[in-house]
Amino acid sequence: MTGLKNLPSISIIDDGSASNGAAAMPRAGDRDAGGGGGESAESKLIIVGSGPAGLTAAIYAARANLEPIVIAGYAPGGQLMITSDVENYPGFPEGVQGPELMALFRQQAERFGTRFVDLDVDRVDFGQRPFRLWAGDVEYRAESVVVATGASALWLGLENETRLRGRGVSACATCDGFFFKNRKVAVVGGGDTALEEATFLTKFADEVLLLHRRDSFRGSKIMQDRALAHPKIRVRWNTEVLDVLGENSVDGLKLRDTVSGEETVEAAQGLFIAIGYKPNTDLFRDWLDLDGQGYLVVRDETGSKIDGVFIAGDVHDHRYRQAITAAGDGCRAAIDAERWLEAQGITESATASAW
Ligand code: NDP
């Protein structure tokens, strides 16, 4: 068993300054959408983010009696909420819908006592412990934090691209490529992601159209060579997508030549957007190290430059970006957080067998 030691008695502070007048203050449970009323706004562990990484961290932390709070965001569930069929998550031989998978993760975390706050974190202060995080008007305090805010795929911003997302429009060839057997698909982008996705899609599609807005790729030479040499890949240089065509699913693309201005329509049943990702790190840039692409930098497996702040999932991982790898990362971060809390004397006893 673990137990809470040394936490201050403050529950909620609404003006940014320390106060012990918790009774008169709003309580976290009054404001959250998932937790019970009257819950404390402090915890041994707060997890920010509710994709596979955050929710797996919550399951592990809750089972180790850390009584975690997950600040899940206004749109909880992460990128899987905009994915339809997930066929590569182990344990679901018939596949599972992305939102259903996330609902199951969340039920499992709740079963062991995780509390959820369905709000975005507005700001954090990691300057000293307990760490402080503000969501809505409530100040949350934690002895340790797991940052699992993920990354967001960038989209072109077209109305029909949004409307047909999950119905031919995708940002993940690994997830959705399988559905395009013997079809013609297009990939937008000129970086390594686009080159990799185009090459991957040749396993399924009859033809892969690679649409790039300039006349040279940004991606690595080896990936360029591989894509350019592939008989199924046809590159259209200097090409931008003006519109995605189709009623209930994608059946074509309206394209424009950026040099001549000529507009054409290409038939295609799939459109993969591969124009980069934006890691959701804005909240943390004053506190944690970011790499050149804006991803968080991990130290010693899941740690960060601040003791007690751990990192999991796509917010640092621009290589694998899979639900299963994010989930694995969440598990590792929770175990590291639990061991760290124990080493600080904040939790009482070794729980290596509790996982
Ligand atoms: P990048 O930022 O490298 O490339 C994005 C591409 O999308 C660019 O070619 C860019 O065009 C294009 N683009 C951006 N915005 C638009 C838009 N609105 N409309 C049309 N095209 C647009 O992102 P990646 O995701 O490809 O790669 C990110 C990082 O991850 C890179 O460092 C990459 O090397 C790495 N990576 C490595 C892999 C590997 O090693 N296996 C696999 C995948 C990624 P333009 O060139 O004109 O700016």
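One-based numbering along the sequence shown. Counting starts at 1 for both ligands and their atoms, following the listed order. Bear in mind that the values here come from a model prediction, so they are computed numbers and not experimental data. We use all heavy atoms of the structure for the numbers below, so side chains are in, but hydrogens, waters and symmetry mates are not.
Ring orientation note: the planes of His212 and Trp237 are nearly perpendicular, at an angle over 60° on the 30°/60° scale.
Here the protein heavy atom with the shortest distance to atom 38 (C) of ligand 1 is Asp192 CB, 3.8 Å. Nearest non-hydrogen protein atom to atom 46 (O) of ligand 1 is Arg214 NH2, 2.8 Å. Atom 10 (C) of ligand 1 has as its closest protein heavy atom Arg213 NH2, 3.8 Å. Gln293 OE1, 3.4 Å is the protein heavy atom nearest to atom 29 (C) of ligand 1. What sits closest to atom 26 (O) of ligand 1 on the protein, heavy atoms only, is Thr193 N, 2.9 Å. Among all non-hydrogen protein atoms, the one lying nearest atom 9 (O) of ligand 1 is Gly190 N, 3.0 Å. At the shortest separation from atom 5 (C) of ligand 1 among protein heavy atoms lies Ile275 O, 3.5 Å. Closest to atom 2 (O) of ligand 1 among all protein heavy atoms lies Arg218 CD, 4.3 Å.
Within a 4.0 Å radius of atom 40 (O) of ligand 1, the protein contributes no non-hydrogen atoms.
For the pair His318 and ligand 1, no heavy-atom separation below 4.0 Å is found. Residue contacts with ligand 1 leave out Glu240, since none of its heavy atoms falls under 4.0 Å from the ligand.
Across all non-hydrogen atoms, the minimal contact from Glu139 to Ala41 is O-CB, 3.6 Å.
Residues Phe126 and Phe131 place their aromatic rings such that the two centres sit under 6.0 Å apart. Aromatic rings from Tyr89 and Phe105 are positioned such that their centres are separated by under 6.0 Å.
Salt-bridge annotation for Arg165 and Glu161: absent, with no side-chain N of the basic residue lying under 4.0 Å from a carboxylate O of the acidic one. A salt bridge is absent between Glu240 and Arg213; no separation between the charged side-chain nitrogens and carboxylate oxygens falls under 4.0 Å. One finds no salt bridge joining Arg339 and Asp336 here, because no Lys/Arg side-chain nitrogen approaches an Asp/Glu carboxylate oxygen to under 4.0 Å. Salt bridge status for Arg321 with Asp317: absent, with no side-chain N to carboxylate O gap under 4.0 Å.
Which parts of ligand 1 touch Glu196 is read off a 4.0 Å heavy-atom cut-off, strictly below it: atoms 41 (N), 42 (C). In summary, the atoms of ligand 1 found under 4.0 Å from a heavy atom of Gly276, numbered by their order in the structure, are 23 (O), 25 (O).
Residues passing the salt bridge (charged side-chain N to carboxylate O under 4.0 Å, His left out) test with Asp282, sequence neighbours excluded: Lys278, Arg285.
Within the 4.0 Å heavy-atom criterion, the part of Leu156 lying near ligand 1 is the side chain and not the backbone.
In terms of N/O distances under 3.5 Å, ligand 1 is not approached by Met223.
A donor-acceptor contact closer than 3.5 angstrom links the side chains of Asn280 and Ser152.
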